[in-house]
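The structure under discussion appears below in the form of C-alpha cells.
Basis for what follows: all heavy atoms, side chains included, without hydrogens, waters or symmetry-related copies. Nothing here was measured: the structure is a model prediction, and the numbers come from that model. Remember, it's 1-based here, ligands and their atoms both numbered in the order they're listed.
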Amino acid sequence: MRVRCSRRDFLLTGAVLGAATFIAPREELRGQTTGTAVGPKPAGVVRAVSSANGLRATDRAMELMRQGTDPLDAVIAGVNIVEDDPNDMSVGYGGLPNEDGIVELDASVMYGPTAASGAVAAIRNIKNPSRVAKLVMDRTKHCLLVGNGALKFALAHGFKKENLLTDKAREAWLKWKETMSDQDNWLPAQIKKLPEDLQPVMMTHGTINCLAINEAGVLAGVTTTSGLSYKLAGRVGDSPIIGAGLYVDNEIGAAGSTGVGEANIRTCASFQVVEFMGQGLSPEQACLKTLERIADKARRWPKSLGLTDAGGRPTFGLNFYALNRKGEFAGATMTGRSTYAVHDGQKNGLRDCAFLFKA
Ligand code: ASP
C-alpha cells in the first residue's frame, strides 16, 4: 500500500496534488516566482536561464545570442566559464573527485530544432565535457559515450588531457578519506577544521544547467558536472542522461536539473517537466508538480537509501529550471530557499526559486 505523508507538509494546495492539469500555488509561492511575471509573448524573446552558479554563463550566453550565435553554442560557451573555473568545485576543472581521488565528469547537450542530443559520462582529464557532448551529437550516430571511450573520442577531436584535480579539491578529498572511518589504516585528519575558504569543499553536490531561447524560437540546453563528490568510481549521475538532467522539446520548452541525480534518473524528471509544460502548465507549475511527484515516489524508495526522513519527506536536494517557448521561465527547489540565474534580455540576475516544502 502507498504510504502518504501528511498533506499539511506541502506548501502547495490540494489542487496541485489532485488536479490533472492545473496547479494553483499558494500566495506565498506565487510571491516567490518570477518566471511567469515575464508574461506570455509569442516569439522574439531571448532568455538564458541557469542554476545559481551560472550568472556568468547566462551573461555570456545572452551576449553571444545577441551577436547571432546559435543558442546551443551560446549556452555551451556560457558553462565553459564555470567548467574552467577552479573555484567552482562542482563542475569541470577543480571539481571534487570520486572516492579514489579522480575527477570524473558528466555532461549533456540537447538541441530543440532537431531534437538531437549528445552526452559523455565519467570522462576523465577533459576540462570541458560539455563541448565533447556537443561533438558526440554532431559527429557520431550515438547519444552517450562513457569513460575511456569518451576520453578517446575527445582526444581524437583534439582535446588535450589535463589534470583536473586541484590542490584544494585534493585536500578536501583527503580530509574526507581520513575521516571516513576509524576502522581503516588512515589516521584522523591533521586539519580538524578546514580553513574558511576550504569549508565549501566538503559539500557533496553541485552542477551547472543552462537553457536558452533566441528570437527565432530556437531552444537549447546543456548540463555539466563533476557529479556527487566522493561518488563510487564509475557512478554516472543524471546530468548526462537525456530526460533526467536535461530535456528540450522545441514545440514546448526546455528543462534541466541540479541535485541528487539518482532521484532524477528514477523519475525521468526533466522530461516530466517538459511534458507538464506541454499539457499547459507554466514552467513554475511544471517544476513544482514534478517535484511533488518525486516526493511522492520517494516515500516508496528503500529507507536504506536515506533519501527520506521518518515522516517520508525528502531529505535530498533537487532543483529544476524550466523555460518555455513563450520565454516564460522558473526555478524550483524541493525544500527551502534556493536561487537561480536568469538573463531576461534586459538584465542578468539571481531570482528566488519556488519551493515544494518549507525548510
Ligand atoms: N545532479 C548531479 C549528479 O547527481 C549533482 C548535483 O547537481 O548536485 O551528478
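- Contacts between Glu104 and ligand 1 below 4.0 angstrom, taking non-hydrogen atoms only, are absent altogether.
- Below 3.5 Å of separation, one finds no N or O of Gly237 facing any N or O of ligand 1.
- Contact of the Arg266 side chain with the Lys297 side chain is not registered, since no non-hydrogen atoms from C-beta on lie closer than 4.5 Å.
- In this structure, Ile102 shares a hydrophobic cluster with no other residue, the cluster being traced through Ile, Leu, Val, Met, Phe, Trp and Tyr side chains under 4.5 angstrom apart.
- Looking at every heavy atom in both residues, Leu211 comes nearest to Ala254 through CD1-O, 3.7 Å.
- Near Gly259, meaning under 4.0 Å from one of its heavy atoms, ligand 1 places the atoms 1 (N), 2 (C), 3 (C), 4 (O), 5 (C), 6 (C), 7 (O), 8 (O).
- Contact check on Lys134 versus Asp73 returns a salt bridge, with a Lys/Arg side-chain nitrogen under 4.0 Å from an Asp/Glu carboxylate oxygen.
- Between Gly227 and ligand 1, a contact under 3.5 Å exists for no N or O pair.
- Enclosure of atom CZ in Arg66 by more than 12 non-hydrogen atoms of other residues, nucleotides or ligands within 6.0 angstrom is indicated.
- Polar contact with ligand 1: absent for Val260 (N/O pair, distance under 3.5 Å).
- For the pair Arg235 and ligand 1, the shortest N or O to N or O distance falls below 3.5 Å.
- Any N or O atom pair closer than 3.5 Å counts here, and Thr207 shares at least one such pair with ligand 1.
- Geometrically, ligand 1 and Asp106 share no nitrogen or oxygen pair separated by less than 3.5 Å.
- Atoms of ligand 1 lying under 4.0 Å from any heavy atom of Leu228, numbered from 1 in the order shown and given with element: 9 (O).
- Residues meeting the side-chain contact (heavy atoms from CB on, under 4.5 Å) test with Lys161, sequence neighbours left out: Asn125, Leu151, Leu155.
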Go through the steps for Glu262 and Arg235 under the test salt bridge (charged side-chain N to carboxylate O under 4.0 Å, His left out), then give the verdict. CA-CA 10 Å; Glu262 281 73 7; Arg235 177 265 188 188; 2.8 Å; yes

